[in-house]
Amino acid sequence: MRRLFPVTEETAARTPEATGGASAAEVSAVGGGEGPAGARTPGARDGRSPAAAGRSDLVEREWSLDELAAAYAYPEPAPGGREPWLRANMVSTLDGAAQHGGRSQPISSDADMRIFGTLRGLADVVIVGAETVRQEGYRPARAREAFAEARRAAGQTPAPAVAVVSASLDLDFSLPLFTSPLTPTLLLTGAAAAPDRVATAEKAGVRVVVAGDGMGVDPARAVRALADLGLTRLLTEGGPRVLGQLIAADVLDELCLTVSPMLTAGDAQRIAGGPSVAVPKRFALASLLEESGFLFGRYRRT
């Protein structure tokens, strides 16, 4: 894995207008060759721009997992305490498909899964839609030794909780996600959810969190409810309907997007669904990594 776009105060301030129409990522030339399953900065083999070639910090080396975690670290808490920060992690093909055959795995890669694991290792809670739980066969998040000490120091549980968004509560509560998680699974639903389904969930050991006045979940209220539980490092893995709702509610702070060098055609969903927002929401590129043609971008709200 190679870092194509290291972010500094200078590059973060660059805009298409400032670079004559090219973005900061575009003026960093992409070199050839595959990297190891770590992360390396561009080396002598890379076709870098003259400006990048003169930088002494762009030396070829393998990143440690700690460095990868540092690159994706959540923002430091403000003086008054940590505010919730919601990031999404999604994968898309070149032609915009977020799935193939109803699942994301066929368009993923080993490096994508490494970043997937890193983002989970940093999060307090993973927010996921009920349909994604059913289609992807979600299991509880596991503890990873590589993140154990950092999580202890941050006061986090050994593994992130999974928070399932569901209005109908049409879920199989006998699955391991609900019966045997390392950190108890949460269920985000509305106040009008069927009482018998709520009782079934609670009997399975699920903590039900009401985040809406009707059947559905209000995204902003869900973020605040999780923060009130001390879960402020938020990660959503979709699906597209949930991500679309979070975007429409303007509560998404960051998008970690893997662009897979594949074409699928067909009618697969995009990474975000639902109604369009009135005005497109602008995000800024924070960093960009590459391995074997897969691009790993990190974008933050402007």
Side-chain angles (χ1 to χ4, degrees), residues 69-70 72-90 115-130 132-133 138-144 146-167 169 171 173 176-191 193 198 201-202 204-212 216-239 242-243 245-247 249-256 298 300-301:
Y72 283 92
Y74 281 83
E76 289 296 318
R82 180 177 287 279
E83 287 295 312
W85 182 270
L86 174 61
R87 66 166 35 138
N89 181 30
M90 302 293 285
I115 290 178
F116 175 93
T118 297
L119 296 181
R120 280 195 164 199
L122 297 171
D124 293 333
V125 60
V126 178
I127 304 168
V128 62
T132 298
V133 167
Y138 257 62
R139 299 185 64 82
R142 62 186 179 89
R144 298 185 61 189
F147 297 98
E149 182 55 40
R151 292 186 69 86
R152 281 194 293 268
Q156 294 175 293
T157 55
V162 174
V164 182
V165 179
S166 178
L169 308 190
L171 294 157
F173 293 112
L177 175 63
F178 303 108
T179 61
S180 56
L182 188 59
T183 303
T185 295
L186 305 172
L187 186 57
L188 296 167
T189 193
V198 171
E202 292 177 335
V206 178
R207 180 168 185 174
V208 177
V209 179
V210 174
V217 171
D218 177 271
R221 186 167 166 182
V223 168
R224 179 49 57 188
L226 292 172
D228 289 344
L229 295 175
L231 308 173
T232 57
R233 303 170 185 87
L234 311 178
L235 170 66
T236 181
E237 295 169 354
V242 168
L243 181 56
Q245 291 171 346
L246 296 171
I247 292 171
D250 199 25
V251 294
L252 186 69
D253 298 297
E254 181 178 331
L255 172 64
C256 297
R298 187 164 58 91
R300 290 187 170 186
R301 65 162 66 239

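In this chain, numbering begins with 1 at the start of the sequence shown.
- Pairs passing the side chain to side chain donor-acceptor pair (under 3.5 Å) check and including a residue from residues 178-188, sequence neighbours excluded, read Thr157-Thr183.
- Annotation: ring pair (Phe, Tyr, Trp, His ring centres under 6.0 Å) contacts of Phe147 (sequence neighbours excluded): none.
- Across all their heavy atoms, Leu122 and Ala69 have their closest contact at CD1-O, 3.7 Å.
- A search for side chain to side chain contact (heavy atoms under 4.5 Å, CB included) contacts involving Pro158 returns Ala143, Leu182, not counting sequence neighbours.
- Ala201 is linked by a side chain to side chain contact (heavy atoms under 4.5 Å, CB included) to Phe173, Leu187, Val206, Val208, counting only residues two or more places apart in sequence or in another chain.
- In terms of the side chain to side chain contact (heavy atoms under 4.5 Å, CB included) criterion, residue partners of Ala154 (sequence neighbours excluded) are, by chain and number, Gln156, Arg233.
- Listed by chain and number, the residues in a salt bridge (charged side-chain N to carboxylate O under 4.0 Å, His left out) with Glu83 are Arg224 (sequence neighbours excluded).
- Contacts of Tyr74 classified as side chain to side chain donor-acceptor pair (under 3.5 Å), with partners at least two apart in sequence or in another chain: none.
- Among residue pairs with one or both ends in residues 151-162, those qualifying as salt bridge (Lys or Arg N to Asp or Glu O under 4.0 Å) are Glu149-Arg152; sequence neighbours excluded.
- With sequence neighbours excluded, the residues satisfying side chain to side chain contact (heavy atoms under 4.5 Å, CB included) with Val210 are Ala191, Arg221.
- With sequence neighbours excluded, no residue satisfies side chain to side chain donor-acceptor pair (under 3.5 Å) with Asp228.
- The backbone N or O of Leu252 sits less than 3.5 Å from a side-chain atom of Arg301, completing a donor-acceptor pair.
- The side chain to side chain donor-acceptor pair (under 3.5 Å) search around Asp218 returns none, not counting sequence neighbours.
- When the side chain to side chain donor-acceptor pair (under 3.5 Å) test is applied to Gln245, no partner is found at least two apart in sequence or on another chain.
- Side-chain atoms of Asn89 never come within 3.5 Å of backbone atoms of Glu237 as a donor-acceptor pair (strictly under, hydrogens ignored).
- Of all non-hydrogen atoms in Pro176 and Arg139, the two that sit nearest each other are CG-NH1, 3.8 Å.
- Checked by atom type and distance alone, the side chain of Thr189 pairs as donor or acceptor with a backbone atom of Ser166 at under 3.5 Å.
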